[in-house]
Amino acid sequence: MASNIRKMAENAIIDSFISQGIPTFTPSGPRSSEYERSVANANLLYRFTRPACVVQPESKEQVVEVIKEAKKFSVPVTIKCGGHSYAGFSTTNEGILLDLVRMKKVDLDVDNNIITLQGGALWGHAYKTLVNGRHNGIIIN
């Protein structure tokens, strides 16, 4: 009974995300390859991990909506910020996988020596910003 209620809640949330234009992927839906790419993990212990859906927000406003909907329906959320957790902390078998892969904007404020990265940005994105801007002598660590 409880699993049926959770499944209904997950389906309602998925429909809500899709209607709001938040990129949402399921194992059997259109673009299921995006779902597969997102749930993939280098540690084979987690190769069968299957969340109800993968959500890839493109803005902080969409992240807020995902969290609000999940809280409203008591559906768990796991956040993936690059997927570097060999221990499986960036994947789940329940609820929503919130993959920040589309949020990889990098802002470099050279005057104040500050670089700001969105949650899905990797170090490669930061270095690319330095190289493309020809910022010689700046080091990020």
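Bear in mind that the values here come from a model prediction, so they are computed numbers and not experimental data.
Residues Leu100 and Lys80 are not in side-chain contact: their nearest non-hydrogen atoms beyond the backbone lie 4.5 Å or more apart. Within the 4.5 Å cutoff, the side chain of Ile115 has no heavy atoms near those of the Asp109 side chain.
Between Ile22 atom CD1 and Ile18 atom CD1 the span is 10.0 Å, to the nearest 0.5 Å. With rounding to the nearest 0.5 angstrom, the CG atom of Asn132 is 11.5 Å from the CG atom of Leu108. Put simply, OG1 on Thr26 and CG on Asn11 are 9.5 Å apart, with the number rounded to the nearest 0.5 Å.
For the side-chain contact (heavy atoms from CB on, under 4.5 Å) with Ile96, the lone residue among Ile14, Val55, Ile67 that qualifies is Val55.
In the hydrophobic clustering of this structure, Phe25 groups with Val39; members are Ile, Leu, Val, Met, Phe, Trp, Tyr whose side-chain heavy atoms approach within less than 4.5 Å, directly or through other members. No chain of hydrophobic side-chain contacts below 4.5 Å, direct or via other Ile, Leu, Val, Met, Phe, Trp or Tyr residues, connects Met103 to Leu117. Taking hydrophobic clusters as Ile, Leu, Val, Met, Phe, Trp and Tyr residues chained together by side-chain heavy-atom distances below 4.5 Å, Val106 shares a cluster with Ile138. Note on Phe17: it clusters hydrophobically with Ile79, by side-chain heavy-atom contacts below 4.5 Å among ILVMFWY residues. Residues Phe73 and Leu97 fall into different hydrophobic clusters, defined by Ile, Leu, Val, Met, Phe, Trp and Tyr side chains chained together at heavy-atom separations under 4.5 Å.
Considering every non-hydrogen atom in both Gln62 and Gly21, the closest pair reads NE2-O, 3.7 Å. Closest non-hydrogen pair, Pro27 versus Ser32, comes out as O-CB, 3.2 Å. Of all heavy-atom pairs between Gly119 and Cys81, the closest is O-CB, 3.4 Å. Nearest heavy-atom pair across Val63 and Pro57 is CG2-CG, 3.6 Å.
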Steps toward side-chain contact (heavy atoms from CB on, under 4.5 Å) verdict (Val54, Thr24)
CA-CA 6 Å; Val54 171; Thr24 305; over 6 Å; no
With side-chain contact (heavy atoms from CB on, under 4.5 Å) as the criterion, how do Glu65 and Gln20 come out once you've worked through the C-alpha distance, each side chain's angles and the decisive distance to 0.1 Å?
CA-CA 9 Å; Glu65 281 305 311; Gln20 293 178 62; 3.3 Å; yes
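Residue pairs that meet the salt bridge (charged side-chain N to carboxylate O under 4.0 Å, His left out) test with at least one member in residues 53-64, sequence neighbours left out, are Glu58-Arg102. For residues 35-55, the set of pairs meeting the side-chain hydrogen bond (donor to acceptor under 3.5 Å, both in side chains) definition, not counting sequence neighbours, comprises Glu34-Arg37, Glu36-Arg50, Arg37-Asp99, Ser38-Asp99.
Side-chain N or O atoms of Ser19 include one that pairs as donor or acceptor with a backbone N or O of Ser16 at under 3.5 Å.
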Using atom types as modelled, flag every donor-acceptor pair under 3.5 Å from a side chain in residues 124-131 to any protein atom, sequence neighbours excluded.
from, atom 1, to, atom 2, distance (Å)
His125, ND1, Leu122, N, 2.8
Thr129, OG1, His125, O, 3.0

